[in-house]
Amino acid sequence: MKVCVVGTGYVGLTTGVSLAFLGHQVTCVDLDQEKVDMLRAGRCPIYEPGMEELLAEAAQHLTFTTSYAEGIPGADVVFVAVQTPSAPDGSPDLRYLRSAAESVAQNLDHDFTVVVNKSTVPIGSGNWVDAILRDSFAQRADRPQNCEFSVASNPEFLREGNAIHDTLFPDRIVIGSDNPRALEVLNHLYRPLINQTFTPPSFQPRPDDTTAVPLVSTDLASAELIKYAANAFLALKISYVNEIGQLAGKVGADITEVARGIGLDQRIGSRFLEPGVGWGGSCFGKDTKALIATASEYKYDMPIVQAARDVNQRQREIAVERLQSELRILKGRKIGLLGVAFKPNTDDLRDSPALDIANLLIARGARVKLHDPIAGDRFRREYPDMAPHLSETLDGVFDDCDAIVLVTKWAQYLELDWGKFVGLMRTPIVLDGRNVLDADRMQRLGYKYIAMAG
Ligand SMILES: NC(=O)C1=CN([C@@H]2O[C@H](COP(=O)(O)OP(=O)(O)OC[C@H]3O[C@@H](n4cnc5c(N)ncnc54)[C@H](O)[C@@H]3O)[C@@H](O)[C@H]2O)C=CC1
Ligand SMILES: O=C(O)[C@H]1O[C@H](OP(=O)(O)OP(=O)(O)OC[C@H]2O[C@@H](n3ccc(=O)[nH]c3=O)[C@H](O)[C@@H]2O)[C@H](O)[C@@H](O)[C@@H]1O
């Protein structure tokens, strides 16, 4: 099928490249010329494992352009995957979506095109996008006669760092539409994924337990709410384990055992029960805020979702409190933070706990050094004022340091030869912000080990 993807960020790029890999003819449109140039050269503008390999494997079915006129005409399906960041009042800023919808409408010419919203958008946005499309289309002097279109919702559930895996082997595909023809088109588009009939790329083998992928075919509003409800649930699951983790520390329980003990109950499930400094990233914060903002439009409170946010913010503060109570005075102390990205296997810095913790420490007069195996360049570009705090080397972080905080669970830090660095530190204190280091081993190596949770 002929597909156009508008916006080639984490979601759009993964969608476009994956659909091209499955054999569809895909044109990706982005307004960012630099991104398009990189992608045309086969280079990936974001750090996403496997993406460049998949780009190469899908190249014959893929085109990148800044021109809507090259992508929209003739497309059976147009995915819109532009950013929907938080506006100051917490609601999503929909200006990118509006502008994308207007540009799509200016170029539609096919007898039937499904315009699929893949961005995470407030409930009701499907109808809103439909109205924008119809208004803009009606204003066209050159509008073609036999041109129909229908708006559908197809929320995205990929995790950064696992984007290709999550797209090729999803837990489910959700489609919201009340138009049978649109549903049929999307069913056809996704058939190889639903039935898992494709040959996976060499670097991403199919998991042993993959069966047919469930398709949740529903109305627009339900599809839109599924996305927010899923993210909010995941965020609150992590906040819950973090809340229990703090209590575990107080009563002398072991949170790893507690998480295992509750996670084995299949009604709870063991994933997303890893305690630590809390969640970050571009979506959990933004989407929980948006859910609360949507509810308040209907004069409805969401205390559980709000609590998940509050607990998450408190985790970042607790990390600083732990250091303060250990070192007494933070002023003038050198604190090293391992990891700047919000999670491993990405260079995304959006709402990264490391940035918040660094700023809280700086506000208390500490000298902060940050390190990240991958996100350093991006950090320098996006946070030029904080760039002097970045260290290229681990020696530069550990040297004369009063405490180290493991913030991001990069494999490099888990496999670090910690014994090699202990002698460099002024006071060898390590705060395990992800509760993943072996406390006994760290103590044997000469560190004073502090867990983030009990
Ligand atoms: N990042 C993630 O892991 C996930 C994100 N989402 C949602 O997907 C949406 C996109 O997120 P990301 O991919 O992270 O965003 P992003 O910021 O990485 O990418 C958005 C892209 O859209 C382009 N763009 C903006 N306006 C445009 C326009 N009018 N025409 C053409 N291109 C335009 C930008 O240049 C950028 O390349 C958001 O709503 C987000 O909440 C959903 C699931 C996962
Ligand atoms: O809408 C989105 O953008 C995406 O948001 C999350 O994906 P992502 O933010 O990429 O990363 P996650 O793996 O969910 O991790 C989010 C944060 O939670 C933290 N986390 C995760 C799991 C856990 O047990 N504990 C924990 O603290 C991670 O370190 C990270 O900071 C969701 O997992 C995706 O399903 C969703 O599509």
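Numbering of ligands and ligand atoms starts at 1, following listing order. Computed from a prediction, not measured in an experiment: that's the story for all the values here.
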Do NZ/NE/NH1/NH2 and the carboxylate oxygens of Asp377 and Arg381 come within less than 4.0 Å? no

Atoms of ligand 1 less than 4.0 Å from Tyr68 heavy atoms? 28 (C), 29 (N), 30 (N), 31 (C)

Which segment of Lys227 sits under 4.0 Å of ligand 2 when only heavy atoms are counted: side chain

Which value, rounded to the nearest 0.5 Å, describes the distance between Leu189 atom CG and Ile194 atom CD1? 9.0 Å

I'd like to check whether Asp30 has a polar contact with ligand 1, where a contact means an N/O of the residue lying under 3.5 Å from an N/O of the ligand. yes

Non-hydrogen atom of Ser103 closer than 4.0 Å to ligand 1: no

Regarding ligand 1, does Arg159 bring an N or O atom to under 3.5 Å of one of the ligand's N or O atoms? no

At less than 4.0 angstrom from any non-hydrogen atom of Lys35, what atoms of ligand 1 do you find? 36 (C), 37 (O)

Is a side-chain N or O of Gln196 found less than 3.5 angstrom from the main chain of Leu193, in a donor-acceptor match? yes

Candidate list Thr14, Asp30, Thr15, Asp32, test side chain to side chain donor-acceptor pair (under 3.5 Å), partner Thr8, passing option: Asp30

Check whether any N or O atom of Arg350, backbone or side chain, sits under 3.5 Å from an N or O atom of ligand 1, and answer yes or no. yes

Quick check on contacts: which atoms of ligand 2 are under 4.0 angstrom from a heavy atom of Glu160? 10 (O)

Looking only at protein heavy atoms, which one is nearest to atom 5 (O) of ligand 2, and what is the separation? Phe284 CE2, 3.6 Å

Quick one: look up the protein heavy atom nearest atom 21 (C) of ligand 2 and list residue, atom name and how far away it is. Ile238 CD1, 3.5 Å

Distance flag, aromatic centroids of His371 and Tyr413, threshold under 6.0 Å: yes

For Ala100, the ligand 1 atoms with a heavy-atom partner under 4.0 Å come out as 29 (N)

Could you check atom 35 (O) of ligand 2 against the protein and tell me its nearest heavy-atom contact, residue, atom and distance included? Phe157 O, 2.7 Å

Just need the protein heavy atom nearest to atom 14 (O) of ligand 2, so name the residue and atom and give the distance. Phe272 CZ, 3.2 Å

What class does the angle between the rings of Phe198 and Phe21 fall in, given that below 30° is parallel, 30 to 60° is tilted and above 60° is perpendicular? perpendicular

What part of Val277 sits under 4.0 Å from ligand 2 if we count only heavy atoms: the side chain, the backbone, both or neither? neither

State, yes or no, whether a side-chain contact exists between Ser103 and Val6 at a heavy-atom distance under 4.5 Å. no

Hey, which atoms in ligand 1 end up nearer than 4.0 Å to a heavy atom of Lys286? 40 (C), 41 (O)

Please find the pair of heavy atoms, one from Val407 and one from Gly339, that lie closest to each other, and give the distance. CB-O, 4.0 Å

Taking only non-hydrogen atoms of Leu273 and a 4.0 Å limit, the atoms of ligand 2 in range are 24 (O)

Would you mind running through ligand 1 and noting each atom that sits below 4.0 Å from a heavy atom of Gly7? 21 (C), 22 (O), 23 (C), 32 (N)

Got a salt bridge between Glu326 and Arg322, using NZ or NE/NH1/NH2 to carboxylate O under 4.0 Å? no

Checking a contact table here: which protein heavy atom is nearest atom 19 (O) of ligand 1, and how many Å away? Gly9 CA, 3.1 Å

What is the nearest protein non-hydrogen atom to atom 9 (O) of ligand 2, stated with its residue, atom name and distance? Phe342 CE1, 3.5 Å

Counting only heavy atoms not in Arg206, do more than 12 sit closer than 6.0 Å to its CZ atom? yes

Is the shortest N/O to N/O distance between Asn231 and ligand 2 below 3.5 Å? yes

Side-chain contact, heavy-atom cut-off 4.5 Å: Ser177 with Leu186? no

Any N/O of Trp279 closer than 3.5 Å to an N/O of ligand 2? no

Looking at Lys289, I want to see if its NZ is surrounded by more than 12 non-hydrogen atoms of other residues, nucleotides or ligands under 6.0 Å. yes

Counting each atom of ligand 2 from 1 as listed, which ones have a heavy atom of Gly278 under 4.0 Å away? 27 (O)

Option of least heavy-atom distance to atom 5 (C) of ligand 1 (set: Val6, Asp32, Val11): Val11

Which residue supplies the protein heavy atom nearest to atom 12 (P) of ligand 1, what is that atom called, and how far is it? Tyr10 N, 4.0 Å

Within-cut-off N or O pair, Thr120 and ligand 1, under 3.5 Å: yes

Evaluating non-hydrogen atoms only, which member of Val29, Thr84, Asn117, Val82 is closest to atom 9 (C) of ligand 1? Val82

Closest heavy-atom pair and its distance - Ile72, Val104: CG2-O, 3.8 Å

Ala182 versus Ser150, closest heavy-atom pair with distance: CB-OG, 4.0 Å

Where's the contact between Leu158 and ligand 2, heavy-atom distance under 4.0 Å: side chain, backbone, both or neither? backbone

Under 4.0 Å from ligand 1, counting heavy atoms only, is it the side chain of Glu102, its backbone, both or neither? neither

Whether Asp351 and Arg316 form a salt bridge (side-chain N of Lys/Arg under 4.0 Å from carboxylate O of Asp/Glu) is what I want to check. yes

Quick check on Tyr240: does its OH atom have over 12 non-hydrogen neighbours (other residues, nucleotides or ligands) under 6.0 Å away? no

Rounded distance (nearest 0.5 Å) linking atom CD of Glu52 with atom OH of Tyr47: 10.5 Å

Run the numbers for me: atoms of ligand 1, each under 4.0 Å from some heavy atom of Ser282, listed by number. 1 (N)

heavy-atom search around atom 3 (O) of ligand 2 in the protein gives Cys283 SG, 2.5 Å

Using a 4.0 Å heavy-atom cut-off, say whether Ile46 meets ligand 1 through its side chain, its backbone, both or neither. neither

Exercise: do Asp37 and Gln33 side chains pair donor with acceptor under 3.5 Å: yes

Before signing off on this row, confirm whether Gly281 and ligand 2 have an N or O atom pair separated by under 3.5 Å. no

Atom 12 (P) of ligand 2: which protein heavy atom is closest, and how many Å away? Lys343 NZ, 3.6 Å

For Glu160, the ligand 1 atoms with a heavy-atom partner under 4.0 Å come out as 1 (N), 2 (C), 3 (O)

Counting only heavy atoms, tell me which of Glu156, Gln33, Gln83 gets closest to atom 20 (C) of ligand 1. Gln83

Can an N or O of Leu234 be found at a distance shorter than 3.5 Å from an N or O of ligand 2? no

Any luck finding a side-chain donor-acceptor pair between Asp89 and Ser91 under 3.5 Å? yes

Is any side-chain heavy atom of Val436 closer than 4.5 Å to one of Glu274? no

Once you round to the nearest 0.5 Å, how far does CG of Leu291 lie from OG of Ser296? 10.5 Å

For atom 7 (O) of ligand 2, which candidate among Glu274, Glu156, Arg159 holds the nearest heavy atom? Arg159

Would you mind listing which atoms of ligand 1 come within a distance below 4.0 Å of any non-hydrogen atom of Ala81? 10 (C), 20 (C)

Which bit of Arg434 gets closer than 4.0 Å to ligand 2, counting heavy atoms only: side chain, backbone, both or neither? side chain

Within-4.5 Å side-chain heavy-atom neighbours: Leu370 and Phe379: yes

